[in-house]
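Below is one structure, written out as structure tokens; comments come after it.
Since we're looking at a predicted model, the values are computed, not measured.
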Amino acid sequence: MQGGVPGIRVVPRNDAPLRRDGEFVLYWMIASRRTRWNFGLERAVELANRLEQPLLVLEPLRADYPWASDRFHRFVLDGMRANRDACVRAGVTYHPYLEPAVDAGKGLLASLARHAGAIVTDDTPGFFQRRMVAAAAERIPVRLEAVDGDGIVPLRAPGKVFARAFDFRRHVSPRLPEFLAETPLPDPLGALAGKRRARVPDDVLAAWPAADDDLLEGRTGLGALPIDHSVGVIPVTGGARAAAGLLDTFLEERLADYGAERNRIAATSQLSAHLHFGHVSAHEIVARATANRPWDMLDKEPATDDPVPPGPRTFLDQLITWRELGRNYCHHVPDADRYETLPGWARQTLAEHARDERPHVYSRADFEEARTHDSLWNAAQRQLRREGRIENYLRMLWGKKILHWSASPESAFATMVALNDRYALDGRDPNSYSGIGWVCGRFDRAWGPERPVFGKIRYMTSANTRRKLRLAEYLERFGDPEPGRLPLESGT
DNA sequence: ATCGGCTCGCGCAA
DNA sequence: TGCGCGAAGCCGAT
């Protein structure tokens with residue numbers, strides 16, 4: 001491997017030096033929560049080899065990140081268990097830190113930094129990580145680098161935002177071979193030269209002990225933590241091992257028909273949450289879905305013997321064009337979760353229709369409790385609460401109807417963000433804000449004829465959705481309980 | 001099931 | 001300035 005981690009992905013966060021007398025190189029794992037196909041970890045290994053120091057992997061989970069709840073904590077803890085096992089196998093010291101109380105973790109990084117030769121962390125757009133890293137960088141007397149490792153397109157490559165997917169596709173397409181030539185090592189821990197193991201310093205162990213195995217394994221509940229217990233655990237396992245299983249199943253059973261079946265219930269990869277928490281790498285997915293063959297992103301109708309046929313192409317367009325369009329947008333517009341960031345034409349047409357009479361007006365609580373007149377909409381909301389996700393197509397309808405039935409477009413946008421952030425496993429992700437933004441016109445075009453409330457914003461109806469999808473089973477699971485019968489599950 | 005018409009902002013070539 | 005083009009739209013006709 002000649003190149004190593006591409007320079008465009010490595011972002012120095014302070015001017016402090018590397019320290020030859022460090023006891024270890026620290027990888028502060030905050031977004032790419034995996035040990036494979038991970039540029040950040042790979043960079044930490046490079047520095048450890050250069051400084052001839054062992055590697056220490058710190059994976060923390062704070063108690064006070066926005067929307068912290070049993071649901072997200074459990075998913076991340078599943079991931080920590082998988083990473084612990086992978087590090088044990090590789091002979092690398094892994095320190096999982098679970099913050100037992102708000103601010104209990106304060107000082108942990110600074111204390112480790114006093115012993116470190118260098119610190120490497122993850123660079124990710126949106127949410128709180130960049131602010132956290134910037135705050136830490138000021139107090140750290142050793143080099144701190146953030147590595148942009150979760151996209152095929154480096155965040156700093158395009159250098160501008162794109163109004164539409166087509167523009168992004170056209171921009172990326174000719175550069176794709178160049179980007180794909182720079183792939184992270186599948187097994188960066190295998191490239192670690194020294195066999196010496198890092199030791200977590202005693203003062204650190206005393207103040208910030210490793211998370212209990214019972215918590216990682218799920219034998220202990222999360223009731224003692226100061227997080228939101230009303231958003232419950234869902235029966236989806238987080239972590240790199242679970243993600244690998246989902247990916248295998250998807251590639252074997254659903255990728256080939258992805259184009260045609262995409263809107264069917266459960267035809268998707270189901271990897272969105274794992275991508276959000278960094279439990280799987282986009283590079284690995286692309287490598288496996290294409291068998292490392294090139295394809296032309298702009299070619300809609302490839303020859304029938306094309307090595308990357310239509311199903312995989314459609315999936316790759318989701319994974320690269322749409323996912324990275326949103327990541328690129330949030331890189332440049334960190335407050336993409338605010339209404340004011342919608343495109344001008346969309347805000348204008350929504351403003352012109354702000355006083356239109358709504359057929360129904362619901363409060364955020366009505367939406368949250370699935371108390372609308374529309375049983376299909378209620379079902380989608382129940383799926384969000386119980387499973388932390390909404391089926392592909394229904395997710396769009398869910399948003400369009402919140403726009404339709406809210407007192408104002410601004411409050412509709414805020415309701416969508418709040419409910420999705422709170423309940424969706426992949427909430428708080430750039431892609432979530434893309435989806436919500438798309439409901440209100442972002443990355444989309446104006447559509448006629450102009451309609452009440454929506455104006456030129458693309459319109460969707462529950463009636464058409466019921467015709468388009470086979471929903472009997474879905475409504476059986478999530479639909480309104482029959483009058484006089486208590487629901488089996490109240491929903492979390 | 002599939003089709004055309006509805007309709008329009010954008011980025012780019014000119 | 002004109003033109004090609006577009007994540008899932010809807011509606012009515014066949």
Exercise for the section: Could you identify which residues of residues 401-411 of chain A place a heavy atom less than 4.0 Å from some atom of DNA chain C, listed by residue number, or say none? Expected result: none
Handout entry: All side chain to side chain donor-acceptor pair (under 3.5 Å) counterparts of A:N292, not counting sequence neighbours
Key = none
Completion exercise
By side chain to side chain donor-acceptor pair (under 3.5 Å), A:H73 pairs with (sequence neighbours left out) A:Y65
Practice task
Using heavy atoms and a sub-4.0 Å distance, could you list which residues of residues 447-454 of chain A are near DNA chain C? By number, please.
Solution key: A:W447, A:G448, A:R451
Handout entry: side chain to side chain contact (heavy atoms under 4.5 Å, CB included) partners for A:M297, two or more places apart
Key = A:R169, A:V172, A:S173, A:L176, A:W295, A:I320, A:T321
Completion exercise
With sequence neighbours left out, the residues meeting side chain to side chain contact (heavy atoms under 4.5 Å, CB included) with A:N328 are A:P158, A:F162, A:F168, A:H332
Check nucleotides 12-14 of chain C for protein N or O atoms closer than 3.5 Å to its own N or O atoms and list the pairs.
none

Exercise for the section: Can you sort out which residues in residues 311-334 of chain A have a heavy atom within less than 4.0 Å of DNA chain C? Ascending by number, please. Expected result: A:Q318, A:W322
Atom pairs under 3.5 Å, N or O on each side, protein against nucleotides 10-14 of chain B: can you list them with distances?
none

Fill in the blank from the handout: Dot-bracket for DNA chain C, 5' to 3', Watson-Crick and G-U pairs with both distances under 3.5 Å, [ ] for crossing pairs, | for partner on another strand, reads ||||||..||||||
Problem - Any residue meeting side chain to side chain donor-acceptor pair (under 3.5 Å) with A:R422, in chain and number order, not counting sequence neighbours - result: A:D228, A:S230, A:E368
Practice task
List for me each residue that meets side chain to side chain donor-acceptor pair (under 3.5 Å) alongside A:E284, sequence neighbours excluded, and say none if there are none.
Solution key: none
